[in-house]
Protein chains: 2
Amino acid sequence: MGTLTKASTNASKTEQALKQMHFVEDVGLSFEMVGLPRMAGRIFGWLLLSDPPHQSPGELADVLQASKGSISTMTRLLVQIGLIERISLPGQRRDYFRIKPHAWTELTKQRMAQITAFRQLAERGLELLEGENPQLRDRLIEMRDMHAFLEQELPALIQRWEDR
Amino acid sequence: MGTLTKASTNASKTEQALKQMHFVEDVGLSFEMVGLPRMAGRIFGWLLLSDPPHQSPGELADVLQASKGSISTMTRLLVQIGLIERISLPGQRRDYFRIKPHAWTELTKQRMAQITAFRQLAERGLELLEGENPQLRDRLIEMRDMHAFLEQELPALIQRWEDR
DNA sequence: ATCTTAGTTCAATATTTACTGAATAAACTA
DNA sequence: TAGTTTATTCAGTAAATATTGAACTAAGAT
């Protein structure tokens, strides 16, 4: 665990644990910035550091000092949006959660759905302004075209990432 | 205003107005999906359809049936994140709001900041796992690399859009 | 200068969202 | 089967956020 060689030359265990919890807290805040619940971020943050990488709901409730109910709800959400997955290990009794490999490409694909939604919205707007002064339509044309552009280009970008 | 030639062959004015309000409501919902206040979305939605494209706070409060305070707060927010701008017309008395040209590239740049934040978070995580089993570090390496990739590639993509 | 109209600020309120904890269910253990 | 452990559901509560409306400010009109 030591930063240098073996045991603790510098950071004590509790110091390290404190830094970890600070990290977890900050992931929570970042999730809020993106419109997701803070507790979902805390769970994700802990799963980024935990050893082993898979943790049971009980363990999560324990280290994050959250209720089981909260853990249950938030893991369900995280599974649903594709950031974590539920795994059941061979011999072991129950199941665990871990960060889904390629979680981030999942999230980007998620955003694609939003982009599509905005493009469709722009198209609905254009129907409403059908026959109107072209100047009035420009706003919506830009909105539609921009999102159509991203809809076309992002998958290629993701592909490049996956093939890297 | 008619969909076909001049006056109303089909949709009456109130029908049209209803559809417009439905559209405005849906933009509000879409904004919520992205983590912005619904009222900000309503304002933006109305500014996508309004004739003229610039509207005064009073007009906004009026059509959206919201309080002046709400309009004031939300226009401030929208200006701040770069989606709308305040304009003051030559002869006219006060100022108006309209959708900022290139509002959408602004928003995309905004998201760049989030991506940077996540990359930095991943790097902090890696420092915490320094010297640990490489398998444990993989999660954070993927997170860092993915965001670094986007940080590098998105500006080029936006550039291509602007040069189109 | 006074009146009128329009906009902003901010404290109070309403609404929404996150979180907890008790009750319930499910699954292994003995 | 009864007992133990662990997870889920859900109603209630706490906390955060959005929204209103009254008081204040500023600027044009008379």
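Here is the naming used below: chain letters follow the sequence lines, and residue numbers restart at 1 for every chain.
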Atom pairs, protein N/O to nucleotides 9-13 of chain D N/O, distance under 3.5 Å:
residue, atom, partner, partner atom, Å
dT9(D), OP2, Arg76(A), NH2, 3.0

* Selected nucleotide, minimal atom distance to Pro57(A) side chain, candidates dT19(D), dT8(C), dT8(D) -> dT8(D)
Nearest whole angstrom, please: distance from the [atom2] of [N] to the [atom1] of [X].
| X | N | atom1 | atom2 | answer |
| --- | --- | --- | --- | --- |
| Gln65(B) | dT19(D) | CD | P | 14 Å |
| Arg86(B) | dA6(C) | CZ | C1' | 12 Å |
| Ile87(A) | dA7(D) | CD1 | P | 14 Å |
| Leu60(B) | dT19(D) | CG | P | 14 Å |
| Glu59(B) | dA6(C) | CD | P | 10 Å |
| Gln55(A) | dT6(D) | CD | C1' | 15 Å |

* Can you find a heavy atom in the side chain of Glu153(A) that is under 4.5 Å from one in the side chain of Arg160(B)? -> yes
If only atom types and distance count, is the side chain of [X] paired as donor or acceptor with the main-chain N or O of [Y] below 3.5 Å?
| X | Y | answer |
| --- | --- | --- |
| Ser72(B) | Lys68(B) | no |
| Arg137(A) | Leu126(A) | yes |
| Gln55(B) | Pro52(B) | yes |

* **Parallel, tilted or perpendicular: ring planes of Phe149(A) versus Trp161(B), cut at 30 and 60 degrees** => tilted
* **Estimated bend of the helix from dA1(C)-dT30(D) to dA30(C)-dT1(D) (axis per five terminal pairs, rounded to 10 degrees)** =>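 Roughly 10° between the end axes, to the nearest 10°.
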* Asked: How far apart are the C-alpha atoms of Trp104(A) and Phe118(B), what are their side-chain angles, what is the distance that settles it, and do they pass the side chain to side chain contact (heavy atoms under 4.5 Å, CB included) test?
  -> CA-CA 11 Å; Trp104(A) 299 102; Phe118(B) 274 105; 4.0 Å; yes
* Asked: Is the CD atom of Glu162(B) crowded by more than 12 outside heavy atoms at less than 6.0 Å?
  ->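 For Glu162(B), atom CD is crowded (more than 12 foreign heavy atoms under 6.0 Å).
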Would you say [X] and [Y] are hydrophobically clustered, going by side-chain heavy atoms of ILVMFWY under 4.5 Å?
| X | Y | result |
| --- | --- | --- |
| Ile158(A) | Met112(B) | no |
| Phe23(A) | Leu18(A) | no |
| Ile141(A) | Leu107(B) | yes |

Pick out the pairs of N or O atoms, protein on one side and nucleotides 15-18 of chain D on the other, that lie under 3.5 Å.
none

* Evaluate the criterion salt bridge (charged side-chain N to carboxylate O under 4.0 Å, His left out) for residue pair Glu15(A) and Lys19(A); output intermediate values, then yes/no. => CA-CA 6 Å; Glu15(A) 261 182 83; Lys19(A) 281 185 184 168; 5.3 Å; no
